[in-house]
Amino acid sequence: MTSPAKFKKDKEIIAEYDTQVKEIRAQLTEQMKCLDQQCELRVQLLQDLQDFFRKKAEIEMDYSRNLEKLAERFLAKTRSTKDQQFKKDQNVLSPVNCWNLLLNQVKRESRDHTTLSDIYLNNIIPRFVQVSEDSGRLFKKSKEVGQQLQDDLMKVLNELYSVSQMGAWLFNKQREAAFGSLWP
């Protein structure tokens with residue numbers, strides 16, 4: 001192989017290597033961008049879930065208060081009526097007893113909604129905060145590890161390229177020496 005042809009082939013190899021390295025770097029950069037996007041999406045989702053349950057807890061608490069007010073209003077009304085004596089004489093299925101059962105059921109429902117609101121505020125929302133913080137730490141650590149692996153990969157690729165270039169150069173030198181000894 002003549003020197004200009006060899007030089008051209010070496011330039012082509014170097015250009016191909018550079019192109020492949022750029023492609024690998026672009027892929028690695030794209031992977032990091034995807035990781036960042038995933039992190040942002042998950043953090044946003046967890047924030048939305050927190051906001052949703054905070055609002056839901058507020059609604060449950062308002063509903064609970066309104067039920068309590070409703071039950072108390074009608075319980076006070078039934079307490080003040082002269083039907084107390086009539087109520088004692090009625091059997092279990094009397095309309096007055098059904099009315100009192102209904103009002104007591106509404107009071108229990110009010111307490112249930114208060115409990116549900118407390119669960120949202122004291123258990124679910126803090127858990128979402130914890131998951132969000134944990135996710136942030138995991139994504140940060142993943143990004144650090146990914147960046148380190150990318151750096152190591154690029155280092156190995158560069159070393160491999162250097163070694164292959166050195167091997168090719170030594171091969172060419174030995175071949176030239178071998179052919180040179182055959183033809184004086």
Side-chain angles (χ1 to χ4, degrees), residues 1-69 106 108-177:
M1 194 182 270
T2 62
S3 182
K6 180 182 174 219
F7 182 70
K8 185 177 179 183
K9 182 168 172 99
D10 288 345
K11 278 186 128 181
E12 289 174 3
I13 291 172
I14 292 171
E16 182 180 341
Y17 169 78
D18 288 340
T19 301
Q20 289 175 349
V21 167
K22 286 177 185 176
E23 288 175 7
I24 290 171
R25 280 192 180 136
Q27 287 175 347
L28 297 175
T29 302
E30 186 62 31
Q31 288 174 352
M32 286 304 196
K33 286 180 184 177
C34 287
L35 184 64
D36 287 340
Q37 288 173 345
Q38 283 289 325
C39 179
E40 289 172 14
L41 289 173
R42 299 230 171 130
V43 166
Q44 183 60 48
L45 174 64
L46 289 168
Q47 184 62 46
D48 290 345
L49 286 167
Q50 290 173 41
D51 293 343
F52 172 82
F53 279 102
R54 193 170 286 116
K55 184 64 177 170
K56 188 167 175 146
E58 183 182 308
I59 290 168
E60 291 289 346
M61 188 56 77
D62 289 344
Y63 185 59
S64 171
R65 286 187 200 118
N66 288 336
L67 285 176
E68 182 70 27
K69 287 177 188 176
V106 169
R108 276 193 300 274
E109 190 177 342
S110 170
R111 285 191 300 270
D112 291 346
H113 284 279
T114 299
T115 302
L116 190 57
S117 175
D118 288 343
I119 289 170
Y120 291 154
L121 288 173
N122 298 322
N123 294 24
I124 294 178
I125 293 172
R127 182 66 181 131
F128 282 134
V129 170
Q130 184 181 12
V131 168
S132 181
E133 291 169 355
D134 291 347
S135 293
R137 280 192 296 276
L138 286 172
F139 277 113
K140 183 179 177 184
K141 187 66 176 173
S142 296
K143 189 172 181 176
E144 289 172 3
V145 168
Q147 189 62 50
Q148 182 62 43
L149 290 173
Q150 287 180 7
D151 293 345
D152 291 348
L153 176 63
M154 295 311 295
K155 182 180 173 185
V156 168
L157 283 175
N158 286 331
E159 289 174 5
L160 180 63
Y161 179 72
S162 296
V163 168
S164 69
Q165 288 297 326
M166 180 59 77
W169 181 78
L170 289 173
F171 175 75
N172 286 335
K173 284 291 185 187
Q174 286 179 347
R175 187 176 65 170
E176 288 174 6

Rounded to the nearest 0.5 Å, what separates atom CD in Glu133 from atom CG in Leu46? 10.5 Å
Can you check whether Gln47 reaches Phe128 side chain to side chain, under 4.5 Å on heavy atoms? no
Is the His113 ring parallel, tilted or perpendicular to the Tyr63 ring (thresholds 30°, 60°)? perpendicular
For the student: nearest non-hydrogen atoms of Leu28 and Met154, plus distance: CD1-SD, 4.2 Å
Could you go step by step and tell me if Ser135 and Val131 meet the side-chain contact (heavy atoms from CB on, under 4.5 Å) rule? CA-CA 6 Å; Ser135 293; Val131 168; 4.1 Å; yes
Among pairs that include at least one residue of residues 20-34, which meet side-chain hydrogen bond (donor to acceptor under 3.5 Å, both in side chains), considering only residues two or more places apart or in two chains? Glu16-Gln20
Hey, does the side chain of Thr19 reach the backbone of Ala15 with a donor-acceptor pair shorter than 3.5 angstrom? yes
To the nearest 0.5 Å, what is the distance between CZ (Arg137) and OG (Ser132)? 9.5 Å
Pair Tyr17, Asn158: side-chain N/O donor-acceptor within cut-off below 3.5 Å: yes
So how far is it from Leu121 CG to Arg54 CZ, rounded to the nearest 0.5 Å? 8.0 Å
Using the salt bridge (Lys or Arg N to Asp or Glu O under 4.0 Å) criterion, which residues pair with Glu109? Sequence neighbours excluded. none
Taking the side chain as every heavy atom from C-beta outward, state whether Leu116 and Asp112 have any atom pair closer than 4.5 Å. no
Give every residue pair that meets the side-chain hydrogen bond (donor to acceptor under 3.5 Å, both in side chains) criterion with at least one member in residues 117-128, sequence neighbours excluded. Arg127-Gln130
Straight-line distance of Glu58 CD to Lys55 NZ, nearest 0.5 Å: 4.0 Å
Lys/Arg-Asp/Glu bridge criterion (N-O < 4.0 Å) met for Asp152, Lys155: no
Looking only at heavy atoms, what is the nearest atom pair of Gln150 and Met32, with distance? NE2-CG, 3.5 Å
How many angstroms lie between atom CD1 of Ile125 and atom CD1 of Ile119, to the nearest 0.5 angstrom? 12.0 Å
Enter the distance from Leu153:CG to Ile24:CD1 here, rounded to the nearest 0.5 Å. 6.0 Å
